[in-house]
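Notes to accompany the following structure.
Letters A, B, ... are given to chains in the order of the sequence lines, protein chains preceding strands, and every chain is numbered from 1. All of these numbers come straight from a predicted model, not from anything done at the bench.
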Amino acid sequence: MRGLWPILKRELLGLFVTPIAWVIMAAFLFIEGLFFYFLIMSYSSQSDVIVGMGPAEAFFGQSEFFYFPLVLICPVLTMRLFAEERKSGTIEALLTAPVTPAAVVLGKYLATLCVYVVMWAPTVLYMFILSSHGEIDWSLVATGYAGTLLVGMAYLAIGTLASALTSSQLAAAMGATVFILAFFVMGYAARGFDEGSTRSMLEHVAVSSLMNDFSRGLVDSRRLVFWVSFAIIPLYATIRTVESWRWG
Amino acid sequence: MKTKKKKVPAAPEAPSTNDDTASVDTTEGLSSAAESETTTQAARDAEPEAEAGRARRRSDRATKLAASVSLMSVIVIGVLLNILASRHFKRWDYSASGEFTLSDGTVDTLRGIDEPIKLIVLVSRETPIGVSLEEMLEGYRQHTNKLEIEFVDPDRDQARLVELQKLYGLLAAEAGGHVIIDAALIVIQGERHRYVLGSELVAVDDPTDMRTRPRLEYAITSAIRHVRATTPPVICFTTGHDELSLDKAGTEGMAELADRLRKNNFELKTVFQPTADAPADPLAGCELLVVATPTAPVPKEHTLAMTHFVEEGGSAFVVLGPVPNKAQTDVMDLQLDELLALAGVKLEHDVIHEYDPSRRTRGSNGTEFFAESRVHPVTERLVREEAAGAAALVNYTSSLTDLEGAVKPEPLLTTSAKSFGIVDYLARLPAIEPTAVDLPGPRTIAVAVERPAKPGQERGSRMVVASSMNLLFGANWNDPSFRGNSLFVEGAFSWLASHERFLDIPDKPLKTTGLRVTEDALSSMFRYVVLVMPVAMGCMGIAIHFLRRRRPQSKRSLA
């Protein structure tokens, strides 16, 4: 996959030397910080123990505060990947360079994934704060972050595809948000169905199923398969899309 | 990788012949021949180009088709993989406590299920304990396909809840806008079922340290084992001594208790019925004997049979109280002293009067009062719910005096230090004032004892003795103000009828499920996580932005 590394470097520099990534990260940390603070308030104001779940588990996916930033931030991170280059015309230069479409797509995608990881990295401090006020199961923290990474991989892949399908950044962000939101709503819709195949299917695609498992230290092969394929398929479609631009 | 397809230059148009025609109009024939030759030549030249164009278009179409097919294939493979994964899945539990890792005992139990078992979870899936139950039951499903699981949200599925209440005698109440059910789970197989209480799902060793010990697996597997047990425990109720009737419904009947016991999969039987063909051993087959408020003297042979039953390892629940004799002059001797002696107690011929105004009820003259509960497995739930106002409300009780023998009875219910056991109560009516002959408080009115095990027995017989008849009244299960009584009686039955077989599920380690944070710590947390961290990130972005603006344009090449 020739050209992956230079593209990754170029994208990372492009993201980190402009204020956009920092603004996104600041906004993200504000929302997550607020969520964490409310969580601690909730746990400390309980006169009795909260049966079935500790605060570390609750942080990962037991509130809409966890999903809300992801639904909005992932499309914003990815919206400029191809849409901006197509609008400014720099995509022509990239396409004529000796790099494969796969390298172009993966280079850009991995750059946003790096930003995503950097975005979450400061939240490890929250876990240290928790550990200073009680015991914490670091295995649960690790699987919680693994689940978060899987969600990010999938959402960013959707965003990358949306960016490749349009030359408007806004349209790319909107498209990705709507798609991600649709999957998110499907998870909620599952609650409205009785036990059966429809419910199972909706639960299979629900992000809450993934985070409920991973936040409790459970790694389920079904979740792994779904979320990895949810990341791979849009990426493959993006590679094909970029390839099609070379056909003229 | 080099570009796969280079743009092929457009095929050159056939050269225009208009100018040539104008210049050579005098030599029309020649020009016509030349034109014809030129056209033929152009046609000859254009033919391979057109062919190349067609080939290129064919190739493009083929490439696009291949790309579409490969994309569709990837999607189809992805969908198929997910279908396969949903049918054959594996889960790994990485939690330090192994909370969702099933023990061998549970796996054996699940693999041994031959008839379908239905589990009705009466907890919302959206609550933390609901999610944990769902995760745990998902693990159970991995080992058997005989489990049918139904989640009923008590707040949303009201109709289903009412149906279940009628079927299984569930108690429901509303608190804080939520419906609270006494059972968290019902395990059903055929006609048998078992409740799992919410309190059984988690153990709290010390309520002050904000840590809990998960017991989901133990509670669920125990219930499954219980409904699969082939022979339900038999409880024998004594009759023939003017006891409360098992069939009598209403406030002072035992029909409510009988119904509750049957719904908990106990088999009920009455013994000592005055029939011509009385069996030689009336208590054969009984696992638990209930002496349910006799109000007539018990014949010697019956007392002997009961004593023998307990001595041989049977358990007994004795509920009795002061009964006036026929002349209404004294309390009747029920002739159960030998049986009570096995519990290490003696029933005094007194009637307890409670003088503590915080315990006696209004207008009862001190004979009806709230008893103090002592910590014991029997009173576990009662003690836990005392904070919510539950207490055993007793009426016309007598003292149970410790015989100070080898058997050490543990008090379950006591009176206050201000109470008195009034002797010669009936003779002194109506004016009751404590005197020096009366028994000073605190008095014991219910005890539990586990007798030493005989050789070959895993544990000795158990006895619970209570000296208030109203503990068995049906009102305890109908009127919420008597909830303390129902908790006491149910606790007594649970403790007395416990089975020998125990699930070998090791205790899970304690995990933090609550936090104790000072206000100072909370404020500093707010500063760090809500203000300092995001602001630091924002400042970093601003700094980078200004640094870039200061650098010369030429150096900003890469970005």
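Listed for the Asp137(A) side chain is no donor-acceptor partner under 3.5 Å among the backbone atoms of Ser95(B).
Scanning both residues, Ser139(A) and Ala96(B), for their nearest heavy atoms gives OG-N, 4.2 Å. Of all non-hydrogen atoms in Ala85(B) and Arg222(A), the two that sit nearest each other are O-CG, 3.1 Å. Contact detail for Ala26(A) and Gly538(B): the closest heavy-atom pair is CB-N, 3.8 Å.
At a threshold of 4.5 Å between non-hydrogen side-chain atoms, the residues Met533(B) and Tyr126(A) count as touching. Under the 4.5 Å side-chain criterion, counting only non-hydrogen atoms from C-beta, Trp92(B) is in contact with Ser221(A). A heavy-atom distance below 4.5 Å is found between the side chains of Arg216(A) and Val131(B). Here the side chains of Phe16(A) and Ile544(B) are not in contact, with every heavy-atom distance at 4.5 Å or above.
Within a 6.0 Å sphere centred on CZ of Phe183(A), heavy atoms belonging to other residues, nucleotides or ligands number more than 12. Residue Phe35(A) places its CZ atom among more than 12 non-hydrogen atoms of other residues, nucleotides or ligands, all under 6.0 Å distant.
With a 4.5 angstrom heavy-atom cutoff, Arg87(B) does not touch chain A via any of its atoms. Only the side chain of Leu125(A) comes within less than 4.5 Å of a heavy atom in chain B; its backbone stays farther off. If you measure heavy-atom distances from Glu148(B) to chain A, you find no contacts under 4.5 Å at all. For Ile542(B), no part lies under 4.5 angstrom from a heavy atom of chain A. Contact annotation for Ile129(A): only side-chain heavy atoms (C-beta onward) come within less than 4.5 Å of a heavy atom of chain B. With a 4.5 angstrom heavy-atom cutoff, Val23(A) does not touch chain B via any of its atoms. Both the backbone and the side chain of Phe226(A) have a heavy atom closer than 4.5 Å to some heavy atom of chain B.
Between the CZ atom of Arg223(A) and the CG atom of Asn82(B) there is a distance of 10.5 Å, given to the nearest 0.5 Å. Taken to the nearest 0.5 Å, the CZ atom of Phe38(A) stands 7.5 Å off from the CZ atom of Phe526(B). To the nearest 0.5 Å, atoms OH (Tyr94(B)) and CZ (Phe214(A)) are separated by 9.5 Å. Put simply, CD on Glu138(B) and CD on Glu203(A) are 8.0 Å apart, with the number rounded to the nearest 0.5 Å. Distance NZ/Lys90(B) to CG/Leu224(A): 12.5 Å, rounded to 0.5 Å. Taken to the nearest 0.5 Å, the CG atom of Asp93(B) stands 10.5 Å off from the CG atom of Asp213(A).
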Determine, step by step, whether Val535(B) and Phe30(A) satisfy the side-chain contact (heavy atoms from CB on, under 4.5 Å) criterion, reporting the C-alpha distance in whole Å, the side-chain angles of both residues, the deciding distance to 0.1 Å, and the verdict. CA-CA 8 Å; Val535(B) 168; Phe30(A) 177 74; over 6 Å; no
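Annotation: side-chain contact (heavy atoms from CB on, under 4.5 Å) contacts of Ala237(A) (sequence neighbours excluded): Leu161(A), Leu71(B).
Contact annotation for residues 227-235 of chain A against chain B (heavy-atom separation below 4.5 Å, listed by residue number): Ser229(A), Ile233(A).
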Let me have the donor-acceptor pairs involving side chains of residues 116-124 of chain B, under 3.5 Å, with sequence neighbours excluded, atom names and distances please.
residue	atom	partner	partner atom	Å
Lys118(B)	NZ	Glu150(B)	OE1	3.1
Ser124(B)	OG	Glu126(B)	N	3.0
Ser124(B)	OG	Asp153(B)	OD2	3.3

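Top candidate by heavy-atom pairs under 4.5 Å with chain A, chosen from Gly541(B), Pro534(B), Ala543(B), is Pro534(B). In terms of heavy-atom pairs under 4.5 Å with chain B, the best-connected choice from Leu218(A), Ile24(A), Thr123(A) is Leu218(A).
Pairs of residues two or more places apart, or lying in two chains, that qualify as side-chain hydrogen bond (donor to acceptor under 3.5 Å, both in side chains) and include a residue from residues 69-78 of chain B are Tyr236(A)-Ser70(B), Arg240(A)-Ser70(B).
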